[in-house]
Each structure stands twice: as structure tokens, then as C-alpha cells.
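These notes concern the structure reproduced below.
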Amino acid sequence: RSHELRNIKVTLDSGDGTFIPVRSSNAFYIDRIERGGRAEKTLSLSVKPDAEQKTTSVSVTMSYEDASGNAYTASDVISIPVMQDTRLMVDEIIPPPELFAGMQTGVSVEFYNMGRTTLYNLRISAEGDFDTMESNSYFVGNMNAGNSDSFYFSFIPRTIGLMEGHVLFRFEDASGAEQPID
């Protein structure tokens with residue numbers, strides 16, 4: 001007796017449309033698989049733009065026939081993590097036209113969450129050749145997609161001449177990985 005499978009149809013469905021097939025349908029066909037054999041197919045999927053960043057279940061349904069033409073179905077569920085790009089945009093910092101050693105001044109910088117996911121535990125700090133009279137850091141917390149904010153800090157240049165500094169943004173993505181932006 002043969003254990004060959006024929007007329008195999010495999011269908012993938014994420015239920016809520018999180019995954020969208022790219023240049024194909026969500027189903028594919030395999031003419032036959034010999035006993036002990038296997039078949040490989042590649043199906044490219046994209047994620048709908050507003051999908052929540054989380055692990056999403058995808059149902060896999062298979063219908064097939066044996067060598068005698070008897071019909072069978074089988075199904076399974078696979079889990080696929082949805083990762084959305086994080087995109088923190090920071091405006092250019094415009095320094096004051098004149099700075100004097102020992103005199104307090106300040107700068108402000110605007111920033112925007114232009115990505116499609118929340119930035120978690122967003123922290124901002126300023127470091128450089130200057131002293132501060134108050135905190136030079138700001139804890140934003142979680143910043144939702146589409147939101148904006150600003151960071152202002154005061155500083156006192158230490159010496160005469162070229163002064164260097166930078167503003168560092170740190171946040172965690174949904175997987176908990178820290179993302180620094182300098």
C-alpha cells in the first residue's frame with residue numbers, strides 16, 4: 001500500500017489580517033509527496049502597518065488525498081513574532097549664538113516617535129564640557145507612536161574656546177532591547 005500524498009493544499013491565516021502575503025495568495029499547492037519525502041515552499045509575508053508588536057498566531061490548514069483518493073485535513077498553529085521598526089526622530093539642536101564661560105545658558109531639543117510602536121522607558125541625558133546647576137537628564141517614560149516632546153537643559157560652559165557635548169536618547173523596544181541614539 002502506498003503512503004504517497006497528493007493534491008496537497010496548504011493555507012495560512014492569521015485571523016485578524018496581521019500578516020499579508022506578498023506577491024502571492026495565502027495558500028499554495030503541492031502536487032504530491034512520496035512516502036518518506038518532503039516538500040518545501042516559501043511564502044513571503046508582510047505585516048499590516050498598524051499591527052501591534054506582539055507574537056501572533058497563524059493557523060496552518062492542510063487538505064490532501066492519499067493514493068486511493070481519500071480526502072484528509074489537518075491543521076496546526078504556529079506563532080510568529082511581529083516586530084515593528086522603532087523610529088525616534090530628533091530635531092537639530094541649535095546652539096546659542098554666544099556663550100560665555102561661567103554664564104548659565106540653555107538649549108532645547110524637540111523629538112518625535114515616528115515609528116509604529118511604543119518606545120519604552122525613554123531617557124534623555126546631556127553630557128559635555130559644561131557644568132549644570134540642575135539635572136541634565138529627563139525620563140520621558142513610555143512614548144506612544146505619533147507623540148512628540150521636548151527636552152530643555154541649562155548648562156554653564158567651563159572654559160573659553162570650543163565646547164563639545166551631546167544629547168543621548170535611550171529607550172527599549174517591545175522586546176526589551178535597549179536602543180541608544182546619540
Has T61 got a side-chain atom pairing as donor or acceptor with S75's backbone, closer than 3.5 angstrom? no
Any non-hydrogen side-chain atom of V60 less than 4.5 Å from a side-chain atom of V77? no
With E172 as reference, evaluate N121, T86, T118 under the side-chain hydrogen bond (donor to acceptor under 3.5 Å, both in side chains) test and give the passing residue. N121
D149 and M143: CA distance, side-chain angles, deciding distance, side chain to side chain contact (heavy atoms under 4.5 Å, CB included) verdict: CA-CA 9 Å; D149 202 344; M143 185 176 200; 4.2 Å; yes
Short side-chain to backbone donor-acceptor contact, N113 and L88, under 3.5 Å: no
Got more than 12 heavy atoms from elsewhere within 6.0 Å of NZ, K48? yes
Enclosure of R116 CZ (heavy-atom neighbours >12, cutoff 6.0 Å): no
If you define the side chain from C-beta out and look only at heavy atoms, does anything of I181 sit under 4.5 Å from F171? yes
L45 with I20, same ILVMFWY side-chain cluster at under 4.5 Å: no
Got a sec, which residues hit salt bridge (charged side-chain N to carboxylate O under 4.0 Å, His left out) with E127, two or more places apart in sequence or on another chain? none
Give a yes or no on this: more than 12 heavy atoms of other residues, nucleotides or ligands lie within 6.0 Å of atom CE of M89. no
Are the side chains of R123 and E178 in touch, meaning some heavy atoms are under 4.5 Å apart? yes
Taking atom CG of D13 and atom OG of S59, what is their separation to the nearest 0.5 Å? 6.0 Å
Evaluate F153 against F151 for ring pair (Phe, Tyr, Trp, His ring centres under 6.0 Å), listing each step before the verdict. CA-CA 7 Å; F153 68 98; F151 171 55; 5.4 Å; yes
The reported gap from CG in N136 to OH in Y138 (rounded to nearest 0.5 angstrom) is 15.0 Å
Any side-chain heavy atom of V90 sitting closer than 4.5 Å to one from V109? yes
So, for S79 and S57, which heavy atoms are closest and what is the spacing to 0.1 Å? OG-OG, 4.2 Å
So how far is it from L5 CG to D66 CG, rounded to the nearest 0.5 Å? 8.0 Å
Nearest-0.5 Å distance, CZ of residue F155 to OG1 of residue T105: 5.5 Å
Dump the intermediate steps for side chain to side chain contact (heavy atoms under 4.5 Å, CB included) on F139 and I124, then the final yes or no. CA-CA 6 Å; F139 179 72; I124 306 166; over 6 Å; no
Please work out which of the three classes, parallel, tilted or perpendicular, describes the rings of F169 and F111, given edges at 30° and 60°. perpendicular
A51 and V47: which non-hydrogen atoms are nearest, and at how many Å? CB-CG1, 3.4 Å
Evaluate the side chain to side chain contact (heavy atoms under 4.5 Å, CB included) criterion for residues I30 and K41: first the C-alpha distance (whole Å), next the side-chain angles of each, then the deciding distance (0.1 Å), finally the verdict. CA-CA 9 Å; I30 302 168; K41 294 287 184 177; 4.0 Å; yes
Donor-acceptor contact present, side-chain N144 to main-chain N147, <3.5 Å: no
When you measure from the side chain of R158 to the backbone N and O of F130, does any donor-acceptor pair fall under 3.5 Å? yes
State yes or no: do L168 and L122 share one hydrophobic cluster built from I, L, V, M, F, W and Y residues joined by side-chain heavy-atom distances below 4.5 Å, directly or via other members? no
Is it possible for you to say whether I156 and M163 belong to one hydrophobic cluster, with membership spreading through side-chain heavy-atom contacts below 4.5 Å? no
Considering all heavy atoms of both residues, which atom of E134 and which atom of S154 are nearest to each other, and what is their separation? OE2-OG, 3.7 Å
State yes or no: do I160 and L99 share one hydrophobic cluster built from I, L, V, M, F, W and Y residues joined by side-chain heavy-atom distances below 4.5 Å, directly or via other members? no
Y152, OH: over 12 other non-hydrogen atoms inside 6.0 angstrom: yes
Any donor-acceptor pair under 3.5 Å linking the side chain of S135 with the backbone of S137? yes
Between I93 and V167, does the side chain to side chain contact (heavy atoms under 4.5 Å, CB included) criterion hold? Intermediate values first, please. CA-CA 9 Å; I93 298 173; V167 177; 3.4 Å; yes
Supply the atom-to-atom distance K9 NZ to T11 OG1, rounded to the nearest 0.5 angstrom. 4.5 Å
Considering all heavy atoms of both residues, which atom of A145 and which atom of G115 are nearest to each other, and what is their separation? CB-O, 3.4 Å
Could you tell me whether R32 and E65 have a side-chain N and a carboxylate O separated by less than 4.0 Å? no
More than 12 non-hydrogen atoms from neighbouring residues, nucleotides or ligands closer than 6.0 Å to CD on E164, yes or no? no
Does atom CD1 of I94 have more than 12 heavy-atom neighbours from other groups under 6.0 Å away? no
Between A74 and Y64, the two heavy atoms sitting closest are CB-CE2, 4.4 Å
If you apply the rule side chain to side chain donor-acceptor pair (under 3.5 Å), what do you find for D16 with T18, and how did you get there? CA-CA 6 Å; D16 62 358; T18 296; 2.6 Å; yes
Kindly compute the distance separating NZ (K54) from CE (M83), expressed to the nearest 0.5 Å. 14.5 Å
Give the cluster check for V82 versus I78: same hydrophobic cluster or not, with ILVMFWY residues linked at side-chain heavy-atom distances below 4.5 Å. yes
Closest non-hydrogen atoms of Y112 and D91, given as atom of the first, atom of the second and distance, are OH-OD2, 2.7 Å
